[in-house]
Amino acid sequence: MAPTTMRAKASKAKSTTAGAGSSGSNAAYKTTITTTSTSTTNSSMSTTAITPEAPKLKNLAVYRYATWLEENQLKKTAIWISVAAAVLVRWIVGLGPYSGQGTPPRFGDYEAQRHWMELTIHKPIREWYSDRSKWWDLDYPPLTAYVSWLCGFVGDKINPEWFAWETSRGYESKDAKLFMRSTVLFLELAIYISSIVVFTQRWFAHKPWTRQHTAVILVLMQPGVILIDSGHFQYNTVMLGLVVWAVNFFLADQDVLGSVAFCLALGFKQMALYFSPAVFAYLLGKSFRQGFIGCIWKLIKLGLAVMVTLGLLFSPWMQSQEEILQVIHRIFPVFRGLYQDKVANIWCAVNIVIKLRERFDIQSLVRFSTLATLLSFLPSLIHLVIKPTKRGLIYGLINSSLSFFLLSFQVHEKSILLPALPITLLILDEPAIGSLFNIVATFSMFPLLKQEDLTTQYYLLLGLWIWMTTGTFKNVSSLLKFLSTLNLLVIVTLHLGEMLVAPPARYPDLYAVLNSLWSAAGFVLYWVYFNYRQFTMVNTPKMGFRISTKTSKAYKLA
């Protein structure tokens, strides 16, 4: 971009700073001022500029594509093309098998979701969490149940056989699969994809359009989310989309609406608790900055928003203590154990040497894992209370969710999608790290995907992601290049070994264990790295933002 154009954009950014609110990525970033040695029109802009090195995106094929769109005046239609492409990829993945397809007696997650639709349209609402049919107990919060009811109601009108009480259990047909896949895609489009489009518009509000559109494409093509929701079969994007909507409201300083959106995410899947410490710390820190009266009033508003939202969601079961306790028992089933399958977290790795589940009872493991999780995210939480910046919120979401994934009780391999969300939102701020994390996260779910015969989809989407983001490693340190190369070599070696060499009879899960160990080691390093970034980079970004010495103080207070 020509210097003249850059100066024009900087001047425009300066003139709109005062009335722009907080709709950008951080209120601090709105005070962008660029000065050059050739600027003579305004003596007040002669201050020496601080111009940190920006990530170079010209090596990305997606960025070059966005540039081509801009040069050919296709910006208005570009977003529709990108969304259509994202939907098409998801639809193609959905043509493959799903969790539990053709595997009686219990089938899998697909049947669980279908049965919840069957349950909610045939049973009274107060019996949803106390049904004794012993098929697939409803173990997600009420908003999942309401959505299941809505989908079941529509599906029952189309074909009652899909959700007939008891006789439909294990029902599999092409038209039923088409309907179920469509519900996932429709909800993802309405909640998740829309939230990503709005987020990039706000986060890059004062950045070139090409940067914004590149981010949209990369976030929408995150391989893990597509493989789990459109392949394995889940509705994670409803919860993830509500979290992003909460972030969107927080970016616009609409904290009450953000709290409502986050409560809805909690009301859909309890895994959203992974983000709750960061959200709590951010809102508490903002409240403290508003003076005594302002703080009290803000906390009252936020408290009422939370209580009213959660109260409405749980209201059908709050008529008796027994009913509400039954709901809570279903949502938090501690009887399942410390973790499921070979999860890439610390407990699974330690269990290889020290058999935790054999040496300790469940209650002891619950208490110990809870304490370990609290201690792991506490520094990030305290920092966010002291410095509640909007960029700090994103890093706080990363550190909180990674702490939960690595150390909390009852972790599933799909839970890695939670820290992957805020990391992917920063894909152009942390391009190489964000790309590498998604590669490791997707690899960590391979045993699950292999079990569901989704290996072809896995290889294609992971290969597509690597191709789309490989340019991010051309301008990084030698250490990061080495680590990325080593990571790919290990992944390829393990995949080839699993294809060509059968595991020893004594260790049938050898490759799954090696997968979880390698991935867990990587996630621990990411936890260290993002904690470091939160403490050192929130107020001194090196991601291309231009901040003059005159406005640096205002930035730090934002």
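All values below were derived from every heavy atom in this structure, side-chain atoms included, with hydrogens, water molecules and symmetry-related copies excluded.
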### Results of salt bridge (Lys or Arg N to Asp or Glu O under 4.0 Å) for Lys298 - residues two or more places apart only
Asp255
#### Entry: Passing option when Phe437 is tested against Tyr526, Trp465, Phe530 for ring-ring contact (aromatic ring centres under 6.0 Å, His included)
Tyr526
#### Entry: Trace of the side-chain contact (heavy atoms from CB on, under 4.5 Å) decision for Ser259 with Val256
CA-CA 5 Å; Ser259 299; Val256 172; 5.7 Å; no
### Task
Could you walk me through whether Phe153 and Thr120 pass the side-chain contact (heavy atoms from CB on, under 4.5 Å) test, one step at a time?
CA-CA 9 Å; Phe153 177 82; Thr120 52; over 6 Å; no
### Query
So do the side chains of Trp128 and Pro316 get within less than 4.5 Å of each other, counting heavy atoms only?
no
### Task
Please answer whether the main-chain N or O of Ile79 pairs with a side-chain N or O of Ser82 as donor and acceptor at a distance below 3.5 Å.
no
### Task
State which residues pass ring-ring contact (aromatic ring centres under 6.0 Å, His included) with Tyr529; sequence neighbours excluded, sorted by chain then number.
none
### Task
List in chain and number order the residues that pass ring-ring contact (aromatic ring centres under 6.0 Å, His included) with His232, two or more places apart in sequence or in another chain; answer none if no residue qualifies.
none
### Task
If the plane angle is over 60° it's perpendicular, under 30° parallel, otherwise tilted; pick one for Tyr129 and Trp317.
perpendicular
### Task
Please state whether the rings of Trp347 and Phe368 are parallel, tilted or perpendicular, taking 30° and 60° as the class boundaries.
tilted
### Message
Using 30° and 60° as the class boundaries, would you call the ring planes of His213 and Trp209 parallel, tilted or perpendicular?
### Response
parallel
#### Entry: Under 3.5 Å: donor-acceptor pair, side chain of Thr210, backbone of Ala66
no
### Task
Begin from the C-alpha positions of Glu323 and Met318 and carry the test side-chain contact (heavy atoms from CB on, under 4.5 Å) through to its verdict.
CA-CA 7 Å; Glu323 289 182 359; Met318 296 182 69; over 6 Å; no
### Task
Not counting sequence neighbours, which residues clear side-chain contact (heavy atoms from CB on, under 4.5 Å) with Leu374? List them please.
Phe377
### Query
Between Ser400 and Leu397, is there a donor-acceptor pair closer than 3.5 Å when you use the side chain of the first and the backbone of the second?
no
### Task
Name all residues meeting the salt bridge (Lys or Arg N to Asp or Glu O under 4.0 Å) criterion together with Glu188; count only those two or more places apart in sequence or in a different chain, and write none if there are none.
Arg90
## Note on the structure
Contacts satisfying side chain to side chain donor-acceptor pair (under 3.5 Å) that involve residues 362-380 (not counting sequence neighbours) are Asp361-Ser364, Ser376-Ser403, Ser380-Gln534
### Pairs satisfying salt bridge (Lys or Arg N to Asp or Glu O under 4.0 Å), at least one member in residues 394-417, at least two apart
Asp109-Lys414
### Query
Backbone N or O of Arg330 within a donor-acceptor pair of the Asp139 side chain at under 3.5 Å?
no
### Task
For Ala112, enumerate each residue passing the side-chain contact (heavy atoms from CB on, under 4.5 Å) test, keeping only those at least two apart in sequence or located in another chain.
Trp116, Trp136
### Task
Report yes if some heavy atom in the side chain of Ile398 is under 4.5 Å from a heavy atom in the side chain of Leu402; otherwise report no.
yes
### Message
For residues 431-442, which residue pairs pass the side chain to side chain donor-acceptor pair (under 3.5 Å) check, not counting sequence neighbours?
### Response
Gln222-Asn438, Thr424-Asn438, Ser435-Thr469
### Query
Is the side chain of Ser276 donor-acceptor paired with the backbone N or O of Ala272 at a distance under 3.5 Å, no angle test?
no
### Side chains of Thr389 and Tyr282, donor plus acceptor under 3.5 Å
no
### Message
Donor-acceptor pair, distance only, cut-off 3.5 Å: does the side chain of Ser230 make one with the backbone of Leu227?
### Response
no
### Summary
Residues Pro141 and Ile331: closest non-hydrogen pair is CA-CD1, 3.8 Å
### Contacts of type ring-ring contact (aromatic ring centres under 6.0 Å, His included), residue Phe280, not counting sequence neighbours
none
#### Entry: Residue pair Phe262, Phe275: steps toward the ring-ring contact (aromatic ring centres under 6.0 Å, His included) verdict
CA-CA 9 Å; Phe262 187 72; Phe275 297 128; 7.0 Å; no
### Query
Taking all non-hydrogen atoms of both residues, which atom of Ile121 and which atom of Gly152 are closest, and how far apart?
CG2-C, 3.6 Å
#### Entry: side-chain contact (heavy atoms from CB on, under 4.5 Å) between Ile193 and Thr237, worked out
CA-CA 9 Å; Ile193 292 179; Thr237 47; over 6 Å; no
### Message
Under a 3.5 Å distance rule, please check whether Asn345 uses its side chain to pair with a backbone N or O of Leu407 as donor and acceptor.
### Response
no
#### Entry: Minimum side-chain heavy-atom gap Leu393-Pro388 below 4.5 Å
no
### Query
Can you find a side-chain donor-acceptor pair between Glu430 and Tyr395 that sits under 3.5 Å?
yes
### Side chain Asp131, main chain Glu127, donor-acceptor under 3.5 Å
no
### Message
Once salt bridge (Lys or Arg N to Asp or Glu O under 4.0 Å) is applied, what residue pairs with a partner in residues 260-269 remain, sequence neighbours excluded?
### Response
none
In a table with atom names and distances, give each donor-acceptor pair under 3.5 Å that connects a side chain of residues 142-150 to protein atoms at least two apart or in another chain.
from, atom 1, to, atom 2, distance (Å)
Thr144, OG1, Phe268, O, 2.3
Tyr146, OH, Leu313, O, 2.6
Ser148, OG, Thr144, O, 2.9

### Query
Backbone N or O of Val306 within a donor-acceptor pair of the Thr309 side chain at under 3.5 Å?
no
